[in-house]
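Everything below concerns the one structure shown next.
All values reported here derive from a predicted model rather than from experimental measurement.
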Number of protein chains: 2
Amino acid sequence: MEKSINFYNVAECPVRNVLDKIGDKWSLLILLVLKENEVLRFNEIHKSIGDISQKMLSVTLKSLEADGFVHRKVYAEIPPKVEYTITPLGTSLLPHIDALAKWSKEHINTIMQNRAAYNNEL
Amino acid sequence: MEKSINFYNVAECPVRNVLDKIGDKWSLLILLVLKENEVLRFNEIHKSIGDISQKMLSVTLKSLEADGFVHRKVYAEIPPKVEYTITPLGTSLLPHIDALAKWSKEHINTIMQNRAAYNNEL
DNA sequence: CAGCATCCTCATCGATACTG
DNA sequence: CAGTATCGATGAGGATGCTG
């Protein structure tokens with residue numbers, strides 16, 4: 001099976017790789033919460049975000065930990081205590097997200113108006 | 001049903017709104033292709049990308065058009081002729097993606113190594 | 001407390017066939 | 001040429017219950 005060479009291939013493109021990560025539902029939000037608080041326990045993150053399920057928090061934290069965006073420190077205590085912190089790698093990404101956030105805030109009204117106008121013309 | 005107030009709520013957060021758009025599989029790629037070529041017909045985009053299905057190209061173009069990232073010009077001819085161009089709004093977004101791309105290229109190796117190391121420790 | 005396991009739903013996406 | 005319509009697979013994500 002042959003296919004055209006695609007420089008934007010999901011598996012090989014760095015941008016796609018990062019976009020797939022921060023483009024999911026919770027990763028970016030968790031990073032932001034961790035940046036604001038420096039260190040948080042599992043349930044503290046849970047409460048900070050509010051409407052994330054326990055499963056998705058667990059899954060997303062694992063993914064962020066695997067990539068090195070978040071550090072996980074386990075205390076050998078009963079009951080268990082786990083602290084999460086954002087890593088320098090995670091921190092270094094956020095300014096670029098902020099730039100995107102700034103652009104988004106500046107243009108979201110335009111986008112929404114475009115979308116509404118488009119739907120009216122159907 | 002009550003829930004905590006979430007400033008990063010998908011529906012209301014501008015960043016999420018934009019990330020949801022460019023975080024999908026094809027939108028960003030189409031914008032990049034259109035930026036490089038200025039004007040392209042439907043099938044030209046199709047060939048440029050290669051492994052996108054006709055359906056997804058159609059759906060994604062509609063979505064980009066609705067938000068005002070892409071302009072669609074129809075010629076009343078037989079056979080049909082439709083030209084797509086990136087709008088100023090779309091163009092203004094790309095530098096921020098480029099910044100993200102730059103960061104991604106600089107850190108993708110670290111991320112991949114982290115990911116591999118993490119998986120080995122399982 | 002900090003999770004994992006299980007089941008389920010729904011949106012996304014691809015393949016295929018058809019059309020003005 | 002530039003799509004639309006339909007079906008089916010896949011996987012993200014949520015709800016619930018259980019555990020060291």
Heavy-atom distance under 4.5 Å between the side chains of Ile97(B) and Leu100(A), does that happen here?
yes

With distance as the sole test, does His46(A) use its side chain to make a donor-acceptor pair with the main-chain N or O of Ile52(A) at under 3.5 Å?
yes

Check the distance between dG20(C)'s C1' and Lys81(B)'s NZ and give it to me in whole angstrom.
19 Å

Specify the separation, in whole Å, of atom CG of Leu40(B) and atom P of dC1(D).
15 Å

Sequence neighbours excluded, which residues qualify as side chain to side chain contact (heavy atoms under 4.5 Å, CB included) partners of Glu106(A)?
Lys102(A)

Residues in side-chain hydrogen bond (donor to acceptor under 3.5 Å, both in side chains) with Ser58(B), at least two apart?
none

For DNA chain C, report each stem as range with range, ordered by first number, or say none. Use Watson-Crick or G-U wobble pairs under 3.5 Å, at least 3 in a row.
C:1-20 with D:1-20

Closest to the Ser58(A) side chain, choosing from dA2(C), dG14(D), dC4(C):
dC4(C)

Pick the closest DNA chain D nucleotide for Val59(B) and for Gly23(A) by heavy atoms, then say which residue is nearer the 5' end.
Val59(B)

I want to verify a distance call: between dT4(D), dA2(D), dC1(C), whose nearest atom is closest to the Arg72(B) side chain?
dA2(D)

I need a per-nucleotide contact map over nucleotides 15-20 of chain D, read 5' to 3'. Cutoff is protein heavy atoms under 4.0 Å; write B for the base, S for backbone only, - otherwise.
B----B

How many whole angstroms separate atom CD of Glu83(B) from atom P of dC1(D)?
15 Å

Tell me which nucleotide among dC13(C), dG13(D), dG3(C) gets nearest to the side chain of Met56(A).
dG13(D)

Is any side-chain heavy atom of Leu93(B) closer than 4.5 Å to one of Ile22(B)?
yes

Measure from CD1 on Ile30(B) to C1' on dA2(D) and round the result to the nearest Å.
14 Å

Can you tell me the distance, in whole Å, between the CD1 atom of Ile49(A) and the P atom of dA2(C)?
14 Å

With sequence neighbours left out, write down each residue that passes side-chain hydrogen bond (donor to acceptor under 3.5 Å, both in side chains) with Thr91(A), or none if nothing qualifies.
none

Quick one: label Tyr75(A) by what it contacts on the DNA or RNA (base, sugar-phosphate, nothing), any heavy atom closer than 4.0 Å.
nothing

Taking side chain as C-beta onward, heavy atoms only, is Asn37(B) less than 4.5 Å from Glu44(B)?
no

May I ask you to verify if any side-chain N or O of Arg41(B) is less than 4.0 angstrom from the OP1 or OP2 atom of dA2(D)?
yes

In whole angstrom, what separates Ile52(B)'s CD1 from dG3(D)'s P?
13 Å

Could you check if a side-chain atom of Val15(A) sits within less than 4.5 angstrom of a side-chain atom of Ile108(B), using non-hydrogen atoms only?
no

Can you say whether the rings of Trp103(B) and His107(B) are parallel (under 30°), tilted (30 to 60°) or perpendicular (over 60°)?
parallel

Send over the distance from Ile78(B) CD1 to dT19(C) P, rounded to a whole Å.
16 Å

Glu44(B) atom CD is separated from dC1(D) atom C1', nearest whole Å, by 11 Å

Respond yes when some side-chain nitrogen or oxygen of Tyr84(B) is under 4.0 Å from OP1 or OP2 of dC1(D), and no when none is.
no

Give the nucleotide from the list dC1(C), dG14(D), dG3(C) with an atom nearest to the side chain of Lys25(A).
dG14(D)

Scan the side chains in residues 63-73 of chain B for donor-acceptor partners under 3.5 Å anywhere in the protein, sequence neighbours excluded, and list what turns up.
| residue | atom | partner | partner atom | Å |
| --- | --- | --- | --- | --- |
| Ser63(B) | OG | Lys21(B) | NZ | 2.3 |
| Asp67(B) | OD1 | Arg115(A) | NE | 2.7 |
| Asp67(B) | OD2 | Arg115(A) | NH2 | 2.8 |
| Asp67(B) | OD2 | Lys21(B) | NZ | 3.0 |
| Arg72(B) | NE | Tyr84(B) | OH | 3.2 |

